[in-house]
K.L.:
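Here you go, one structure.
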Amino acid sequence: DDRSLVNLSTQLQVPSSNQALFNLALQAYQESARYYNFLDGQTLALKAVTMSYYLSFTHTTGMYMPLFMEANVNVSQLPPYILFTAAHELAHQRFFAREDEANFLAFFTLSKSQDRYANYSAYLNAWTYLSKDLFKVNHNLAIELYRALPAVCRRDIELEDAYWQQFKTQVASDSQQLNNEFIKSNGDERGVVAYDEVSKLIVAHFKATGQLDEVKQTKLAKSAKGL
């Protein structure tokens with residue numbers, strides 16, 4: 001499958017700026033909106049957080065401001081994660097409030113894009129979510145699949161993890177608890193757990209569209225197989 005991480009990680013051209021990443025996210029929605037009109041919508045603001053490094057102390061990758069319909073992205077992350085976060089926040093701008101749904105739409109639109117880097121971002125983030133679930137049920141298989149990833153994927157995952165490890169503080173813990181209560185106050189009793197539950201939507205998507213057998217040998221499907 002040409003969308004597997006093995007294929008997508010070769011000859012990658014990383015966008016040259018944060019704005020280029022934002023443009024890729026917008027382009028992905030525009031492409032998908034041709035076939036799914038509910039993804040169409042006016043993007044009022046998609047902004048890089050000026051002091052992203054300090055925002056990282058709260059373990060926040062992005063924020064949506066409903067009053068101004070403004071999407072804000074922590075740009076201290078690695079490029080594939082900046083792109084995924086931008087696509088996630090664009091889903092909120094299109095009135096998808098639930099965090100797992102916003103994550104799924106980020107995956108869906110980026111995976112359908114004509115741009116290979118957008119595809120890479122989609123599948124790298126999907127693999128990350130799926131592997132978390134797999135790790136809980138089959139620790140050894142999760143490690144085996146991780147070691148089988150292309151070097152560029154492991155590099156991005158490890159660098160991103162190392163970045164966030166330095167911010168594991170009480171401030172981050174308190175911030176996550178506040179976010180947990182905020183999500184619950186908006187009608188989703190799962191709280192921050194909702195973010196990770198995108199893995200169920202990804203697996204359901206591939207099952208519903210008959211694509212699971214088609215990509216059975218990819219790293220994504222091998223991860224999903226353990227759920």
Side-chain angles (χ1 to χ4, degrees), residues 1 3-5 8 21 24-25 28-29 32-33 36 38-39 41 59-64 71-74 77-113 117-138 141-142 145-146 149 153 156-157 160-161 164 176 179-180 182-184 186-212 215 218-227:
D1 189 309
R3 292 168 303 171
S4 72
L5 282 173
L8 291 172
L21 290 164
L24 264 187
Y29 272 89
S32 288
Y36 307 97
F38 63 88
L39 293 177
H59 270 223
T60 301
T61 59
M63 298 179 296
Y64 176 62
N72 298 271
V73 179
N74 182 332
Q77 310 170 77
L78 264 64
Y81 299 94
I82 292 174
L83 177 52
F84 194 85
T85 300
H88 172 103
E89 299 305 333
L90 287 175
H92 286 322
Q93 277 195 337
R94 283 150 179 78
F95 306 108
F96 290 90
R98 291 165 64 100
E99 301 301 343
D100 52 342
E101 291 179 356
N103 267 347
F104 176 74
L105 288 176
F107 164 75
F108 181 82
T109 54
L110 294 176
S111 69
K112 297 293 184 183
S113 171
Y117 197 80
N119 300 158
Y120 173 72
S121 172
Y123 281 90
L124 183 69
N125 280 274
W127 192 94
T128 301
Y129 282 111
L130 289 164
S131 65
K132 283 182 185 178
D133 281 355
L134 179 59
F135 192 87
K136 296 172 187 176
V137 297
N138 194 327
L141 179 57
L145 292 176
Y146 176 75
L149 282 174
C153 299
D156 283 350
I157 291 169
E160 184 73 2
D161 183 62
W164 289 107
Q176 288 302 296
N179 191 32
N180 187 58
F182 174 76
I183 293 171
K184 288 183 176 180
N186 280 284
D188 192 338
E189 288 301 318
R190 297 170 301 170
V192 294
V193 172
Y195 290 98
D196 290 342
E197 293 200 347
V198 65
S199 57
K200 296 178 181 178
L201 298 180
I202 293 171
V203 173
H205 167 67
F206 277 95
K207 285 182 176 178
T209 56
Q211 297 177 73
L212 197 57
V215 296
T218 69
K219 298 300 180 290
L220 169 64
K222 285 182 178 177
S223 299
K225 193 176 179 182
L227 296 181

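We number each residue from 1, following the sequence as shown.
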K.L.:
Restricting to side chain to side chain donor-acceptor pair (under 3.5 Å), what partner residues turn up for Asn72, sequence neighbours left out?
P.N.:
Glu70
K.L.:
Are Glu99 and His92 close enough that some pair of their side-chain heavy atoms sits under 4.5 Å apart?
P.N.:
yes
K.L.:
How far does CG of Asn125 sit from NE2 of His88, to the nearest 0.5 angstrom?
P.N.:
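So the CG of Asn125 and the NE2 of His88 are separated by 11.0 Å.
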K.L.:
Is there side-chain contact between Tyr64 and Gln93, with at least one heavy-atom pair below 4.5 Å?
P.N.:
yes
K.L.:
Among Tyr81, Phe84, Trp164, exactly one meets side chain to side chain contact (heavy atoms under 4.5 Å, CB included) together with Thr61. Which residue is that?
P.N.:
Trp164
K.L.:
Check whether any side-chain N or O of Glu160 sits under 3.5 Å from a backbone N or O of Leu78 as a donor-acceptor pair, and report yes or no.
P.N.:
yes
K.L.:
Centroid separation under 6.0 Å, is that true for the rings of Phe108 and Tyr36?
P.N.:
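So the answer is yes for these two rings.
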K.L.:
Which atom pair, heavy atoms only, marks the closest approach of Pro79 to Leu21?
P.N.:
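So the two residues come closest at O-CD2, 3.8 Å.
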K.L.:
How long is the gap from OH on Tyr117 to CG on Leu124, to the nearest 0.5 Å?
P.N.:
8.5 Å
K.L.:
Any non-hydrogen side-chain atom of Asn74 less than 4.5 Å from a side-chain atom of Thr85?
P.N.:
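Counting from C-beta outward, Asn74 and Thr85 never come under 4.5 Å.
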K.L.:
With a 4.5 Å cut-off on side-chain heavy atoms, are Ile202 and Val198 touching?
P.N.:
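Yes, their side chains come closer than 4.5 Å.
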K.L.:
Is the shortest heavy-atom distance from the side chain of Leu145 to the side chain of Ser131 under 4.5 Å?
P.N.:
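No, side chains not in contact.
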K.L.:
Look at the rings of Tyr123 and Phe107 and say which category their plane angle falls in: under 30° parallel, 30 to 60° tilted, over 60° perpendicular.
P.N.:
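It falls in the perpendicular class, over 60°.
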K.L.:
Distance-only, no hydrogens or angles: does the Tyr29 side chain make a donor-acceptor pair with backbone N or O of Ala87 under 3.5 Å?
P.N.:
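Yes, the answer is positive, given that a donor and an acceptor are paired below the 3.5 Å cut-off.
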K.L.:
Where do Gly62 and Glu89 come nearest, in terms of heavy atoms and distance?
P.N.:
C-OE2, 3.3 Å
K.L.:
Check side chain to side chain contact (heavy atoms under 4.5 Å, CB included) between Ala118 and all other residues, then give those that pass, not counting sequence neighbours.
P.N.:
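Listed in chain order: Leu83, Leu110, Ser113, Asp115.
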K.L.:
Can you find a pair of side-chain heavy atoms, one from Tyr129 and one from Phe104, that are under 4.5 Å apart?
P.N.:
no
K.L.:
For Ala102 and Ala91, which heavy atoms make the closest approach, and how far apart are they?
P.N.:
CA-CB, 3.7 Å
K.L.:
Of the non-hydrogen atoms in Pro80 and Asp156, which two are nearest, and what is the gap between them?
P.N.:
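Reported closest heavy-atom pair: CG-OD2, 3.9 Å.
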K.L.:
State, yes or no, whether a side-chain contact exists between Trp127 and Ile157 at a heavy-atom distance under 4.5 Å.
P.N.:
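In contact.
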K.L.:
Take Val203 and Leu130, measure what side chain to side chain contact (heavy atoms under 4.5 Å, CB included) needs, and give me the verdict at the end.
P.N.:
CA-CA 9 Å; Val203 173; Leu130 289 164; 3.7 Å; yes
K.L.:
When you look at Phe135 and Tyr146, which way does the side chain to side chain contact (heavy atoms under 4.5 Å, CB included) test go after all the steps?
P.N.:
CA-CA 10 Å; Phe135 192 87; Tyr146 176 75; over 6 Å; no
